[in-house]
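Chain A is the first sequence line, chain B the second, and so forth, proteins listed ahead of strands; every chain is numbered from 1. Fair warning: this is a prediction, and the values are worked out from it, not measured in the lab.
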Amino acid sequence: MFNQRVKIKQLLSGTPVGTDVVVMGWVRTFRNNQFVALNDGSTNANIQIVAELGKFDEAILKRITTGASLKIKGTVVESLGKGQAVEVKANEIEILGDSDAEKYPLQPKKHSLEFLREKAHLRFRTNTFGSVFRVRHSLAFAVHQFFNERGFIYLNTPIITSSDAEGAGEMFRVTTLPLEGAPKNDKGEIDYTQDFFGKSTNLTVSGQLEGELGAMAFSEIYTFGPTFRAENSNTTRHLAEFWMIEPEMAFNDIEDNMNLAEAFIKYLIEYVMKHNEDDLVFLDARLAEEEKQLPTEKRSGFGLIEKLKMVLENGFERITYTEAIDILLNSNHYKKKKFTYDVKWGIDLQSEHERYLVEQHFKKPVIVTGYPAAIKAFYMRMNDGCEPGKETVAAMDILAPGIGEIVGGSQREERLSVLEARMTAMDIPLDEMSWYLDTRRFGSVPHAGFGLGFERMVQFVSGMTNIRDVIAFARTPNNCEY
RNA sequence: UCCUCCUUAGCUCAGUUGGUUAGAGCAUCUGACUGUUAAUCAGAGGGUCGUCUGUUCAAGUCAGACAGGGGGAGCCA
């Protein structure tokens, strides 16, 4: 058996002095021809390997370069140096893989995130991305644990869909038809009956509609999978391929929905604070360093861990859309005409408005409910007793400081006639959506759900400002390396 | 897609009003040192100044187009 090694995280957290160990990892630095800082990704902390002078061949020592992989047999000893409590005194050094020092792009120094983005295949070996992706893993694990503890069924909704009624964004087409000379029908349009599925298909933009079908049997389900949007979005918070978590709960209304979403976000944060303390401490310091470079007015004013604690300790502010508009209209910001976009009832809130509410006014996450029906999707439940012309739906968005919309959800329209009327008004073909409408025909119940953008959650918890730095291989317009 | 800024050594960046042979730190290589902590010290190599076109006696520097990237907006999660 090759692998009898001890992971560095475990080694550093209490392997007794005097133990013989096997350690493997990649060289971060090699100092003084004697001291190797070795890292295996289990933690940002390195184990110091000591190669005593004269004990090893010069030829072997020459091959210990940044990025090379080593297998070390040695003994755990108390360190004579100051930087670490223990170190491994090497008896055997095996070079598993060489790393040409002239070509290896990562140096023991600070690199820009932009540079590392172009070296996405190697950036996992840096402290920042080590921490980010360990935090991402913990968040993913916590997602499953949270729902599992509450009896939710993990439902895998399809990646390829024929439904194009969702309206969540531009879609990527899935086809096996040739680009040149695709078969045409009598109308001169591409004949999708000859395509692989016998119809036009796309990559999913949301698993929600299928998720609702599951909720109508299991009571509570969640999805957690990749989602695709072919929007030409070039921002720090959009990806063409991203991961989304979409719980859907029967016998739940909009308030239950908000309660669950808030509990969920807090659970995720709490989990990471408990299991990734070292990584958060590192990311906290990294963010503080980054913010030092910013002009004062762009700084968040508090640290990463401080922010996460504040979210855990304080409830999310809950306001209606109408209240949000009033707050904006009464703000000095508005009176001094500092908003680029005008504020009045009926508009979709612009990011500057959301940011004002979250970052200036409340200074904590805000849940906005009761949006105008005209600006929201067909499946959201019409609120009863609205003033004519001011119809609202039971929608809710959770806005987070620095990220903006992190959750979008709603109570769904369970009344068949109301839903059909809305779909007709919005030109959504009822016959194609018959399978969806069946949920309202056969034992319809009040139900609700939401979508949480996983990468935005990772951004929020890690403090990374660009979404491309919290997914392993980012897909954005004009960028599909690896 | 729109607005805006940027592109000089492997990386991070200087480069004055257009003017001789384009610099620094880190990295790399060579040597020294040997309990170092992004080791230190000495020396060396390393550049089609994003690409193309133009203005000019002369362009890293000025202008235009294109490409790539950052930030912001819209769309949203």
Side-chain angles (χ1 to χ4, degrees), chain A residues 28-37 45-54 61-62 65-67 77-84 87 89 99-119 126-127 166-170 205-208 226-246 261 293-295 298 340-341 348-355 375-377 397-400 403-409 450-460 465-471 476-479 481:
Chain A
R28 284 287 174 85
T29 65
F30 183 31
R31 287 184 291 267
N32 224 348
N33 223 20
Q34 246 188 113
F35 305 101
V36 183
N46 304 317
I47 182 72
Q48 173 155 288
I49 307 296
V50 182
E52 272 183 293
L53 284 175
L61 296 179
K62 279 261 181 225
T65 55
T66 307
V77 296
E78 269 182 57
S79 179
L80 298 171
K82 284 183 192 139
Q84 58 284 316
E87 59 196 19
K89 202 168 152 185
S99 173
D100 185 338
E102 289 198 59
K103 291 180 183 152
Y104 187 65
L106 302 184
Q107 303 159 20
K109 63 170 265 193
K110 203 165 239 157
H111 290 290
S112 68
L113 294 172
E114 292 83 0
F115 172 71
L116 291 170
R117 230 167 266 156
E118 290 172 7
K119 303 271 177 274
T126 64
N127 287 334
E166 162 67 17
E170 289 296 310
V205 291
S206 163
Q208 182 203 311
T227 310
F228 308 87
R229 306 261 168 103
E231 301 284 350
N232 191 5
S233 296
N234 294 286
T235 78
T236 54
R237 50 190 193 284
H238 288 88
L239 292 164
E241 177 183 298
F242 65 101
W243 288 65
M244 189 152 64
I245 296 136
E246 296 180 287
Q293 319 293 325
L294 296 174
K298 288 206 168 176
T340 308
Y341 292 85
D348 206 353
L349 295 179
Q350 303 293 316
S351 8
E352 59 172 354
H353 304 141
E354 295 179 347
R355 246 196 334 254
I375 57 171
K376 286 291 180 178
D397 282 358
I398 301 184
L399 311 174
I403 314 287
E405 190 177 340
I406 194 165
V407 163
F450 62 85
L452 177 131
F454 186 55
E455 282 76 18
R456 289 192 184 170
M457 189 67 204
V458 182
Q459 274 188 281
F460 186 71
T465 50
N466 194 316
I467 201 166
R468 288 159 217 184
D469 296 329
V470 298
I471 189 165
T476 51
N478 275 315
N479 187 351
E481 289 298 312

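With B:rU28, B:rU12, B:rG70 as the choices, the nucleotide that has an atom nearest any side-chain atom of A:R468 turns out to be B:rG70. With B:rG31, B:rA73, B:rC11 as the candidates, the nucleotide lying closest to the side chain of A:K62 is B:rG31. In this structure, of B:rG72, B:rU1, B:rG74, it is B:rG74 that holds the atom nearest to the side chain of A:Q350. When the nucleotides B:rG71, B:rU28, B:rC76 are ranked by their closest atom to the side chain of A:D348, B:rC76 comes out on top.
Atoms CZ (A:F115) and P (B:rG70) sit 14 Å apart, rounded to a whole Å. Atom P of nucleotide B:rU28 and atom CG of A:L106 are separated by 12 Å, given to the nearest angstrom. Taking atom CG of residue A:N232 and atom P of nucleotide B:rC76, one finds them 15 Å apart after rounding to whole Å. The separation between A:L349 atom CG and B:rA73 atom C1' is 16 Å, rounded to whole Å. The interatomic distance linking A:E231 (CD) with B:rA73 (P) rounds to 16 Å, in whole Å. Here B:rC75 presents its P atom at 11 Å from NZ of A:K376, a figure rounded to the nearest Å. Taking atom CG of A:N478 as the reference point, atom P of B:rG70 lies 11 Å away to the nearest angstrom. One interatomic measurement links the two molecules: CG of A:N234 to P of B:rC76, which rounds to 16 Å at whole-angstrom precision.
In this structure the side chain of A:L239 reaches within 4.5 angstrom of the side chain of A:I467, judged on heavy atoms. Using a 4.5 Å heavy-atom threshold, the side chains of A:N127 and A:R28 count as touching.
Residues meeting the side chain to side chain donor-acceptor pair (under 3.5 Å) test with A:R117, sequence neighbours left out: A:D469. A:T29 meets the side chain to side chain donor-acceptor pair (under 3.5 Å) test with A:R31; sequence neighbours excluded. Not a single ring pair (Phe, Tyr, Trp, His ring centres under 6.0 Å) links A:F450 to another residue, sequence neighbours left out. Partners of A:E354 under the side chain to side chain donor-acceptor pair (under 3.5 Å) rule, at least two apart in sequence or in another chain, do not exist in this structure.
Among the protein residues, A:T227 comes within range of no part of the nucleic acid, since none of its heavy atoms lies under 4.0 Å from any strand. Within the nucleic acid shown, A:L239 comes within 4.0 Å of at least one base atom, counting heavy atoms only. A:R117 comes within contact range of the sugar-phosphate backbone alone, with a heavy-atom separation under 4.0 Å but no base atom that close. As judged by a 4.0 angstrom heavy-atom cut-off over every strand, A:Y341 is placed among residues touching the sugar-phosphate backbone only. Across all strands shown, A:Q107 has heavy atoms under 4.0 Å from base atoms, whether or not it also approaches the sugar-phosphate.
Taking atom P on both nucleotides, B:rG23 is separated from B:rC57 by 27 Å, rounded to a whole Å. Taking the C1' atoms as reference points, B:rG15 lies 8 Å from B:rG60, given to the whole Å. B:rG54 and B:rG69 are spaced 28 Å apart, taking the P atom of each and rounding to whole Å. B:rC5 and B:rA63: their P atoms are spaced 12 Å apart (whole Å). B:rA42 sits 49 Å from B:rU56 when the P atoms are compared, rounded to a whole Å. B:rC26 and B:rA67 have their C1' atoms separated by 29 Å, given to the nearest Å. Between the C1' atoms of B:rU20 and B:rA59, the separation comes to 15 Å (whole Å). As rounded to the nearest Å, B:rG31 and B:rC13 have C1' atoms that lie 29 Å from one another.
Closest non-hydrogen pair, A:S351 versus A:R237, comes out as OG-NH2, 4.1 Å. Across all their heavy atoms, A:S206 and A:T227 have their closest contact at N-CG2, 3.8 Å. Of all the heavy atoms in A:E241 and A:I471, the pair that sits closest is O-CD1, 3.7 Å.
Rounded to the nearest 0.5 Å, atoms CD (A:E405) and CD1 (A:I398) are 9.5 Å apart.
For B:rG72, neither phosphate oxygen OP1 nor OP2 lies less than 4.0 angstrom from any side-chain nitrogen or oxygen of A:T235. The phosphate of B:rG74 has OP1 or OP2 within less than 4.0 Å of a side-chain N or O from A:S351. Taking only side-chain nitrogens and oxygens, A:N466 comes nearer than 4.0 Å to OP1 or OP2 of B:rG71. OP1 and OP2 of B:rC75 both lie 4.0 Å or more from every side-chain N or O belonging to A:R237.
Side-chain N or O atoms of A:E87 include none that pairs as donor or acceptor with a backbone N or O of A:V77 at under 3.5 Å. In terms of modelled atom types and a separation under 3.5 Å, the side chain of A:H238 and the main chain of A:R229 share no donor-acceptor contact.
Side-chain to base pairing of A:S233 with B:rC75: one donor and one acceptor N or O lie within less than 3.5 Å of each other. Side-chain atoms of A:H111 and base atoms of B:rC11 include no donor and acceptor less than 3.5 Å apart.
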Counting Watson-Crick and G-U wobble pairs with both distances under 3.5 Å, what is the dot-bracket string for RNA chain B, 5' to 3', using [ ] for crossing pairs and | for pairs to another strand? (((((((..((((.....[...)))).(((((.......))))).....(((((..]....))))))))))))....
Do nucleotides 35-52 of chain B as a string where each nucleotide becomes B, S or -: B if the base has a protein heavy atom under 4.0 Å, S if just the sugar-phosphate does, - if no protein is that close. BBBBB-------------
